[in-house]
Amino acid sequence: MPEGPELHLSSQFINAICKGRIFSGTVRKNPIHKCADVVWDAAAYTISSVSRGKELKVFLQSLKREADEKSNVEHGAVTSKIEAAKRLHLLFNFGMSGKFEFTSVSELPKHAHLSFFTKTDDMALSFVDYRRFGKWQVGADWSPDRGPCVLFEYPQFRSNVLNSLDNSAFNKPVCEVLLNQKYFNGIGNYLRAEICYRGGVRPFDQARAVFSALPDVPDDVKVKTEDGVKDTAKAKVKAERPDILELCNTIPLEVVGLGTSLYLPEDEHSDMSKFSLWLQCYYKCGMKNVADHNKRTMWYHGDPGPMLPRESGCKRRHGVYDKKLTKSGKKMKKEENVDAEDKQNDDSSTEKMKRCPKSSRQDKQGSPAKPKRITRTSLKTLVDESTKTSKTTTKVKKAPRKKSSSKAADEANGISGTKTISSKEKKQNARRVKGNLKSDEKDTKSKSGVRSRATRAAVIGANVAE
């Protein structure tokens, strides 16, 4: 999220781009955005900007023409209203990803939600926000619920914090109070990490206990700290360290001096390497990180403090801004991670095998538990007993069928007696023989079926007996 330094750098960017340029026509708004339309149509106007904390104002000022100057002489009272109608300012809040870009009209950004067009060179100044959390208000003043700016209103900012320590907001940890824009207008996530790290302050100490040790704190406020009134020796030790309120002013000014930041376009500002080298704590290797009570990631070093959330855990492991990985580098890193996991699994499995005795090891390596097996001898006896009964039944059926088939064959061949057999009778006898053969085949199939059923019944009976 853009913070105080980013908004001030954006105001500097607008002033540098718009210096000597004349804009013309209406202000185009993207219909997707929910903010109000900007009613403005001037033949020629200029743009300037100023920032305060996490807010930014853009001023539109129409230029006077010769006809307007002549009317000023004749009708002074009327022209004052005309001039007032041709002044307008917009109050911007950048949200999570808002920024200003200056491009040609043909290359207008996809997520440009508000655009101001130049008069001659077909260029446009656009407010770009692809997440659409940024907002603007027509003619609005600075928000009353935001405190003095940490960058350019340092005396008012310091007195506002020290005179408000009796507020319940300062019962929270320091890292969470630093994001409260009512007292720290312009401080954000990466700035609070740098301020606590460079000031030697544990991020999860009580805010009132930390700020009450600073000078110009009322005595009745010191009594409200957790440990009571601080000793004079401890106060002297803390006075030797950098003042955390001073760091809230100097560290953002350092970012402004760099001229670049994490949330600004790389094309319009210097290289990101300056900003990544300037960071000492935020997203750096060797630093710890934890989610605070508001689920915001806090980077720190050493002891976090007594007000650390109970259900807290590391959200990110590695620093991002130390080196940017290419696609091939990411693939190599994934392969290394997979190899490391395989090695860990192999090591853990070998350790478990060493710890387990031989008997348990064999049980684990073998198949899962099965029902008790039947021995060969018992199986043979059961099968033999079942097949004997089936054989006796089949022998009784076979004898008459064989005789009938042989008689039919003899009668078909004309062997039996003196009777003469006609051709019709021969055909009928042949059909009977074929039918008998088919019935024999069916009997053989039924025999195999009887045997298989007998073996299954024997196996099941043996299991039940055991």
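Just the heavy atoms: all of them, side chains too, but no hydrogens, waters or symmetry mates, feed the values below.
- Annotation: R28, atom CZ; neighbour count of heavy atoms from other residues, nucleotides and ligands within 6.0 Å does not exceed 12.
- Proximity of the aromatic rings of F170 and Y183 is defined here by a centroid distance below 6.0 angstrom, and this criterion is met.
- Residues K172 and D205 are not paired through a salt bridge, judged by the lack of any N-O separation under 4.0 Å between the basic side chain and the carboxylate.
- Between the side chains of E254 and W278, at least one donor-acceptor pair of N or O atoms lies under 3.5 Å.
- Salt bridge status for D121 with R21: present, with a side-chain N to carboxylate O gap under 4.0 Å.
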**OP:** Report the C-alpha distance between F13 and F102 in whole Å, list the side-chain angles of each, state the deciding distance to 0.1 Å, and finish with yes or no for ring pair (Phe, Tyr, Trp, His ring centres under 6.0 Å).
**Re:** CA-CA 9 Å; F13 168 72; F102 188 71; 7.5 Å; no
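- Taking the six-membered ring for Trp and thresholds of 30 and 60 degrees, Y283 and W299 have ring planes inclined between 30 and 60 degrees apart.
- The closest side-chain donor-acceptor pair between S115 and S126 falls under 3.5 angstrom.
- The aromatic rings of H8 and F152 sit tilted, their planes meeting at an angle between 30° and 60°.
- Taking the ring centroids of W136 and H33, they lie under the 6.0 Å cut-off.
- Taking the six-membered ring where the residue is Trp, H113 and H111 present tilted rings, their angle falling between 30° and 60°.
- Between F94 and F127, the ring centre distance stays below 6.0 Å.
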**OP:** Applying side-chain contact (heavy atoms from CB on, under 4.5 Å), run through Y154 and C248 and close with a yes or a no.
**Re:** CA-CA 9 Å; Y154 174 68; C248 290; over 6 Å; no
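- Using a 4.0 Å cut-off between a side-chain N of Lys or Arg and a carboxylate O of Asp or Glu, D37 and K29 qualify as a salt bridge.
- Classification of E3 and K54 as a salt-bridged pair fails, no side-chain N sitting under 4.0 Å from a carboxylate O.
- Considering R192, H293, R296 as possible partners of E176, the one that fulfils the side-chain hydrogen bond (donor to acceptor under 3.5 Å, both in side chains) test is H293.
- Looking at F59, Y45, F116, F117 one by one, the single match for ring pair (Phe, Tyr, Trp, His ring centres under 6.0 Å) with W40 turns out to be Y45.
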Subject >> Worked check of salt bridge (charged side-chain N to carboxylate O under 4.0 Å, His left out) between K288 and D303 >> reply: CA-CA 10 Å; K288 302 175 184 178; D303 184 12; over 6 Å; no
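- Minimum heavy-atom separation, G134 to D129: N-OD2, 2.5 Å.
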Subject >> salt bridge (charged side-chain N to carboxylate O under 4.0 Å, His left out) between E55 and K57, worked out >> reply: CA-CA 7 Å; E55 293 178 320; K57 279 185 180 181; over 6 Å; no
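- Under a 3.5 Å cut-off, the side chain of E6 and the backbone N or O of P2 do not form any donor-acceptor pair.
- Between the side chains of S48 and Q61, no donor N or O sits under 3.5 Å from an acceptor N or O.
- Across R198 and L247, no two heavy atoms sit closer than the pair C-CD1, 4.0 Å.
- Proximity of P109 to T103: side-chain heavy atoms (C-beta onward) are separated by under 4.5 Å at one or more points.
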